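Because the structure is a prediction, the values reported are computed rather than measured. In what follows, chains are A, B, ... by sequence order, proteins preceding strands, each numbered from 1.
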There are 2 protein chains.
Amino acid sequence: MSSWVSKMAKAKPSKQSAAQSDGLLDALVQASFVTMAVLNKIGAENDLSLTQLRVCGILRDRRPRMAGLAAHLGLEKSTMTGLIDRAEKRGLLARAPSAEDGRATEVFLTNEGMKLVERLYLQLKQELSPVMDVLDSSEQRQLQQLLRRMLDSQEG
Amino acid sequence: MSSWVSKMAKAKPSKQSAAQSDGLLDALVQASFVTMAVLNKIGAENDLSLTQLRVCGILRDRRPRMAGLAAHLGLEKSTMTGLIDRAEKRGLLARAPSAEDGRATEVFLTNEGMKLVERLYLQLKQELSPVMDVLDSSEQRQLQQLLRRMLDSQEG
DNA sequence: TATTGTTATACTCTATAACTATA
DNA sequence: TATAGTTATAGAGTATAACAATA
């Protein structure tokens, strides 16, 4: 059996019996954990949780409402309140009442937030480049297209 | 600029100015969030956090010590204590003193934990299959190899 | 002395339930 | 009545600091 959610060293090497699709599954999961570890690290270095980092990334070119954000992230509305509260207190983003719906609140990045997000994106690129650059330019394009096709099938 | 950590609908379509490597970066990050969402959902359905799910996956074929586990996950020792406490109380795993080092504690899955992990792995396979099956068999092999090469370069 | 693990403490993330205001 | 958002509360995840036991 293959290693699933880990690449930690095994005590004993196990036999190679996984089906092909398990190999892709494991690779996908492991790659995700590596990517998430990088995102987590970048967040931690800037006092942002993974969720807050993600919110900032979303706000980069959008101005959603609280409920829309919550739905997109798969979180409860009440969870968003605290999340946005803390980021707002730090000056990264702000709230404003919606012009169309008196009940709704829109969320958007402040100038400081925008500057931070640009910095974080560059940092992300830097930290993942060594991994991506193991592949040559043509392979990178190939990988991107394969991933993109999977993602686009997800009601993209 | 591309969507980075999100595939949420944009208010206004922005211009296509990202370099090629940004495209791969975004695809990688988005694929990771999709994968993590599936893992999170499977965990939630079984009252397991992402971290606990991961610990169970690691314990599938290993018997690490507390410190090794913490180092592998990038967490503090004290965090592991609570994490393992809760899973142990649920009967999923257990602790035993190390034979070689009187200070060390080994962690391993109980029979119940093993049964759960096998079930979770099958569920993960089922939930990610629709996404992976967008690609044909040869493309899947290609994707796996590209990801694997990136992962193996990471001191694998 | 250094390492392994736990305890105590504090803060963030998250969900549920109850509430207010608007549609 | 239904929806948008907040508040109150509780449990889990996480880190820091201090500690006990062993190496």
Side-chain angles (χ1 to χ4, degrees), chain A residues 5 33 36-37 39-59 63-90 92-108, chain B residues 5 33 36-37 39-59 63-90 92-108:
Chain A
V5 291
F33 274 114
M36 285 299 150
L39 286 170
N40 239 321
K41 176 182 164 251
I42 292 176
E45 286 172 5
N46 292 275
D47 277 300
L48 288 173
S49 71
L50 197 52
T51 307
Q52 281 181 316
L53 185 71
R54 201 175 171 194
V55 167
C56 289
I58 291 171
L59 262 41
R63 190 190 170 95
R65 299 175 182 180
M66 296 291 287
L69 261 182
H72 181 65
L73 296 171
L75 298 173
E76 290 300 315
K77 296 177 303 179
S78 58
T79 301
M80 287 310 309
T81 300
L83 228 38
I84 299 300
D85 276 354
R86 286 182 289 272
E88 189 172 26
K89 211 164 291 174
R90 283 184 53 188
L92 300 181
L93 46 83
R95 284 181 239 234
S98 163
E100 294 121 19
D101 189 331
R103 301 167 297 180
T105 302
E106 294 175 353
V107 187
F108 55 95
Chain B
V5 291
F33 273 114
M36 285 299 150
L39 286 170
N40 239 322
K41 177 183 163 249
I42 292 177
E45 285 171 5
N46 292 275
D47 277 300
L48 287 173
S49 72
L50 197 53
T51 308
Q52 280 182 317
L53 185 70
R54 201 175 170 195
V55 167
C56 288
I58 292 171
L59 261 42
R63 190 189 170 96
R65 299 175 182 179
M66 295 291 288
L69 217 40
H72 180 63
L73 295 171
L75 299 173
E76 290 300 315
K77 296 177 301 178
S78 58
T79 302
M80 286 311 310
T81 300
L83 227 39
I84 299 300
D85 276 353
R86 287 181 289 273
E88 188 172 26
K89 211 165 291 174
R90 282 184 53 188
L92 300 180
L93 46 81
R95 284 182 238 235
S98 163
E100 293 122 21
D101 188 332
R103 300 167 298 180
T105 301
E106 295 175 352
V107 187
F108 56 95

Report which part of the nucleic acid A/S98 touches: base, sugar-phosphate, or nothing (heavy-atom distance under 4.0 Å, all strands). nothing

Answer with base, sugar-phosphate or nothing: what part of the nucleic acid does B/T79 contact at a heavy-atom distance below 4.0 Å? base

Just how far, in rounded Å, is [atom2] of [N] from [atom1] of [X]?
X	N	atom1	atom2	answer
A/M80	D/dA4	CE	C1'	13 Å
B/K77	D/dT14	NZ	C1'	15 Å
B/R54	D/dG13	CZ	P	14 Å

With respect to the phosphate group of [N], does any side-chain polar atom (N or O) of [X] fall under 4.0 Å of OP1 or OP2?
X	N	result
B/Q52	D/dG13	yes
B/R90	D/dA12	no
B/R103	D/dA20	no

Would you call B/I84 and B/L69 a side-chain contact if the rule is heavy atoms closer than 4.5 Å? yes

Any side-chain heavy atom of A/L93 within less than 4.5 Å of one from A/V55? yes

Assign each of B/D101 and A/E100 the nucleotide of DNA chain C bearing its closest heavy atom; nearer the 5' end lies the nucleotide of B/D101

A/S78 vs B/E106, nearer the 5' end of DNA chain C by closest nucleotide: B/E106

Which atoms form the tightest heavy-atom contact between A/R90 and A/N46, and what is the distance? NH2-O, 3.1 Å

Run the numbers on B/V107 and B/E88 for side chain to side chain contact (heavy atoms under 4.5 Å, CB included), then give the verdict. CA-CA 10 Å; B/V107 187; B/E88 188 172 26; over 6 Å; no

Kindly say whether, by distance alone, the side chain of A/T81 makes a donor-acceptor pair under 3.5 Å with the base of D/dT7? no

At a heavy-atom distance below 4.0 Å, which nucleotide of DNA chain C is the first touched by chain A, and which is the last? C/dT12 to C/dA23

